[in-house]
Amino acid sequence: MSDFELLDPGAAFGGAQPADGGDPLLDGLNPEQRRAVVARGPALLIVAGAGSGKTRVLTHRIAHLIREKEAWPSQILAITFTNKAAAEMRERLGGLLGSGVEGMWVSTFHSACVRILRREAERFGYVSGFTIYDSADSRALLKRIIKDLDADTYGFTPANTSAKISKLKNELSDATDYASTMNASDPRERLFTEIFTAYEQELKRANAFDFDDLIGQTVQLFRAHPDVAAIYKRRFRHILVDEYQDTNHAQYSLIRELTKSVEPEQLATLVPPVRERELDGLGRIPGASLTVVGDSDQSIYAFRGADIRNIVEFERDFSNAEVVKLEQNYRSTQNILSAANAVIGNNFDRQDKKLWTAEGDGDKIVGFTGYSQHDEARFVAEEIEDLHRDGMAYGDIAVFYRTNSQTRALEELLIRSAIPYRVLGGTKFYDRAEIKDAMAYLTTIANPFDPIAWSRMLGAPKRGVGPMAEAHLANFQEAEGVSFHQAMERAAEIPALGPKIRTTVVELADMLARATAMALGGGGTEVLPPVAEEADDETSDASRKKPAPVADVLKLVLDSTEMIEKLRAKRDPQDDARAENLEELLAVAREFDAQQPGAGLLAFLTEVSLVAAADDLDDQSGTVSLMTLHTAKGLEYPAVFITGVEEGLIPHQMSVDELGGINEERRLMYVGITRARQKLFITLASTRATFGDIAVAMPSRFLQEIPESLIEWRQSPGEVTGRGGTASRALNAGRAPGAGGSSGASWSRNRDSQVSFGAGGAGGSSAAVSEPASGNMQSALDKWRERKRLAKEAQAAGGGFPNTIVGNIRDNGDLELALGDRIRHDEYGEGRVNAVTGAGSKRVAHVTFDSVGERKLLVKLAPIEKLSE
DNA sequence: CCCCCAGGTCTTTTT
DNA sequence: GACCTGGGGG
């Protein structure tokens, strides 16, 4: 991405632009881009198709505002989607402006809100040292609440409750609102209200915010305290929001609040005093100018509350809005763009927009169908090796997938092929148990009122303090109204605790007190409870010394708990890896201390809470990047693999019944395709192991939406089982006999939905690509179209259209395998059957191969034949 | 109080 | 296949 400028043909050839005027901020931009840079006025919408150079436009716009003295850097608030994008933007601005980026806020919604909340926390009963609960913390808290209220018998789980609460909070709704609108005769709704209320209370007691609160509470803060809002409204004169299509209602409201004018009655409280030239004709400070950038075709976060209407209705929303459309793509070849256009064109609920490029067609998209996900992964690994041999850097290659669980097979093959790779997101470093344990110490040190962190800290490593002791301490803490640490110090006052536990607890409390003193830099000043009035003098402690480096605090914790030593002492090799992870955490803390000297523990915890999946991407790492399609948004790579392009995966099974679900999945596919610059590979498998057993997979409907002339199949879905001609034999063999139960049902469905593919250069395809329909009942339409497609295909199968490859699934029929049989496998060679499990079409053979060892195979579908005994 | 094992449940995507 | 829960034994 750093070399984007170099690859930008607009810069190289000038295109249709007027001759360069010698302005570095405008030269090399196309006319639309220029308009977006120089446009002024209250509101600007930049509709930026994928790869149309929007980051460049945004940075140039900001630089232009500053260079033309229309704004000080400190008057700019730029919101990006990830911290990485923010860092990149700041870097590019530095390149354009030199040093003049001091004081500019370039950050994510969440980081910006934390910054505001930490400053203003005291105004609404929080302490600035509040904890940020990630989803796991929220769920841990909800789990306790659900158990306390016996709500699990009503089907409430931490996961579904947390999702529902999150959704409500994204709509800026709280428990009181919910209670007033719910159907009170429904016991489930009443119970949910109780859970929600308890959850809010517990968060407050813990001095903690969850992710959604960060936005929502900031909005509440602004609404409840116009004087606070006035400070920020006055400060930020230009607000720019990237990826606007993925903003939710809370984020939208935040932007709305910030772009309102400051009314005359608020002016008096502002410091420094308001000067005449800041005011408009009505004696107000006018609202900030707003620039939003987005692409409704790339809206993929509806599940998180993102509301596509925010961007679609922007013009209605902000009157006098100017609109600039960027459609020229500087990233991909025409073939890739044509595929992307073809796919997204099937979403009928969008404004038509076509990406185009001045570059040539480029290579065709390469397609491959493996018969299993291992086969698919093997192809990916081999192609990566080829690309690398031909001179492409590993860092220029990315592999995308829909679900995190798909990484397993890919990693296995990449390891075997000695290809350096890294997985972004997924099981994150900070999700590991041992890391969470260590982090719990740091969190409880920063916020001794946080029960989740305290409880985790108490139990790890095991020290003989169990749930009973924990409950006694927690009760004492609540009754006395002290911090958890103070409760521990006074363990002697709790008669229910045994002498041994008392000693352990007091010693632990002593260690925490030392660590706290270090972390806060004071002489052991106890952090005050979350009460607004008292919190004031917490900050006025002039005698405070500088906080110690985070690494020192962590070192104290690790040393005194002997966490690393205890792990090393175990004989499980996994525990060695855990010990190394803790060493790694220490290294991360040292790195943080070096990057931000004196920032302290709280800043470290904040940063860790807000890292996004794409943030740990290191452009210089020189490794292949693996990530979900969601994480891929905003990134680009010369070579891209999209894997698992199957029905049920993309579109994901879960989305099929959701309102607009298919359309969102299609956008996800579109995002994936448009990440590729030169080479795009689309792969799938005809069987996939899920849940431990193996199921038949069908090619994704999105695959059929790509014109076949754009794809060069190395192995098409129709060919995959065609080796040795067994497929046709199997297909003529008719319906599988005796396939009972659910497996039979799924089998017959698969047989009915044969897919027509132009494998091997077949002519005009009869592929059932449905016409874009008009209307707005998208879900119903989706279903109807799906049914139409299936009907058409069924007809095609029966009527025998010439290009239809009848049946794309191998079928070994009722091949009987028994213990001890020798078989030959197309890929693995010869092997011996150890066992056969399952029944019907789900029969699985456990085979030890001479070359690769034990494998499990679906008898019906595996490319195997029985050797004579 | 802690460890181990059997059995049930689940899997979309993430700041 | 992985993770969590609950019961039994040490």
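Letters go in sequence order (proteins before strands), and every chain restarts at 1.
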Participant: Reckon A/T82 touches a base, only the sugar-phosphate, or nothing at all at heavy-atom distances under 4.0 Å?
Facilitator: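 The answer is nothing, as A/T82 stays clear of every strand by at least 4.0 Å.
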Participant: Let me know the distance between CD of A/E243 and P of B/dT13, rounded to the nearest Å.
Facilitator: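 Nearest whole value for this atom pair: 20 Å.
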Participant: Nearest whole angstrom, please: distance from the P of B/dT15 to the NZ of A/K84.
Facilitator: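 These atoms are roughly 14 Å apart.
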Participant: Checking all strands, does A/F109 fall into the base, sugar-phosphate, or nothing category for heavy-atom contacts under 4.0 angstrom?
Facilitator: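 Contact class for A/F109: none.
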Participant: Would you kindly give the CZ-to-P distance between A/F81 and B/dT13, to the nearest whole Å?
Facilitator: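 Nearest whole value for this atom pair: 15 Å.
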Participant: Starting at CG of A/D431 and ending at P of B/dT14, how long is that distance when rounded to a whole Å?
Facilitator: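 To the nearest whole Å, that distance equals 11 Å.
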Participant: Could you state the CD1-C1' distance from A/I300 to B/dT14, rounded to the nearest angstrom?
Facilitator: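 Answer to the nearest Å: 10 Å.
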Participant: For A/A509, what residues pass the side chain to side chain contact (heavy atoms under 4.5 Å, CB included) criterion, not counting sequence neighbours?
Facilitator: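 A/A509: side chain to side chain contact (heavy atoms under 4.5 Å, CB included) contacts with A/M488, A/E489.
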Participant: Just jot down the side chain to side chain contact (heavy atoms under 4.5 Å, CB included) partners of A/I195, sequence neighbours excluded, or say none.
Facilitator: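 Residues passing side chain to side chain contact (heavy atoms under 4.5 Å, CB included) with A/I195: A/L142, A/I145, A/I146, A/L149, A/A151, A/F156, A/T161.
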Participant: Hey, which sits more toward the 5' end of DNA chain B by its nearest nucleotide, A/Q251 or A/G464?
Facilitator: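 Here A/G464 is the residue nearer the 5' end.
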Participant: Please check the phosphate of B/dT15 (OP1 and OP2 only) for any side-chain N or O of A/S135 closer than 4.0 Å.
Facilitator: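 Result: no.
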Participant: Among all residues two or more places apart in sequence or in another chain, which pass the side chain to side chain contact (heavy atoms under 4.5 Å, CB included) test with A/T403?
Facilitator: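 Expected list: A/S405, A/Q406, A/L649, A/H652.
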Participant: A/S372 and A/D375: side-chain donor and acceptor closer than 3.5 Å?
Facilitator: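 Checked: A/S372/A/D375 side chains show no N/O donor-acceptor pair below 3.5 Å.
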Participant: Is the phosphate of B/dT14, meaning OP1 or OP2, less than 4.0 Å from a side-chain N or O of A/T628?
Facilitator: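 Indeed, a polar side-chain atom of A/T628 lies that close.
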Participant: May I have the distance from A/H110 (atom NE2) to B/dT15 (atom C1'), rounded to whole angstrom?
Facilitator: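 Result: 4 Å.
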Participant: Are A/F211 and A/Y133, when compared by the centres of their aromatic rings, separated by less than 6.0 Å?
Facilitator: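 Judged by ring-centre distance (under 6.0 Å), A/F211 and A/Y133 do not meet the cut-off.
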Participant: For the residue pair A/R675 and A/A632, what are the closest heavy atoms and their distance?
Facilitator: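 Here A/R675 and A/A632 meet closest at CD-O, 3.2 Å.
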Participant: Please check if atom CZ in A/R350 has more than 12 non-hydrogen atoms from other residues, nucleotides or ligands closer than 6.0 Å.
Facilitator: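 Counting other residues, nucleotides and ligands, CZ of A/R350 exceeds 12 neighbours.
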Participant: I'd like a list of close polar pairs between nucleotides 9-12 of chain B and the protein, N/O only, cut-off under 3.5 Å.
Facilitator:
from	atom 1	to	atom 2	distance (Å)
B/dT12	O4'	A/H652	NE2	3.3
B/dT12	O2	A/R402	NH1	2.9
B/dT12	O2	A/R402	NH2	2.2
B/dT12	O4	A/E658	OE2	2.5

Participant: Output all residues satisfying side chain to side chain contact (heavy atoms under 4.5 Å, CB included) with A/T503, sequence neighbours left out; order by chain, then residue number.
Facilitator: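 Listed in chain order: A/E507.
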Participant: Using nucleotides 4-8 of chain C, report all nitrogen or oxygen pairs with the protein that are shorter than 3.5 Å.
Facilitator:
from	atom 1	to	atom 2	distance (Å)
C/dT5	OP1	A/K143	NZ	2.4

Participant: Where each residue is assigned the nucleotide of DNA chain B containing its nearest heavy atom, which of A/V611 and A/P467 is assigned the position nearer the 5′ end?
Facilitator: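 Residue closer to the 5' terminus by nearest nucleotide: A/P467.
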Participant: Do side-chain atoms of A/R144 reach the backbone of A/A140 as a donor and acceptor pair under 3.5 angstrom?
Facilitator: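 Judged by distance alone, no pair lies under 3.5 Å.
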Participant: B/dT15 P sits how many Å from A/Y244 OH, rounded?
Facilitator: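 Distance check: A/Y244 OH to B/dT15 P gives 21 Å.
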Participant: Whole-Å distance between B/dC2 P and A/M468 CE?
Facilitator: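 Spelled out: CE on A/M468 to P on B/dC2 is 13 Å.
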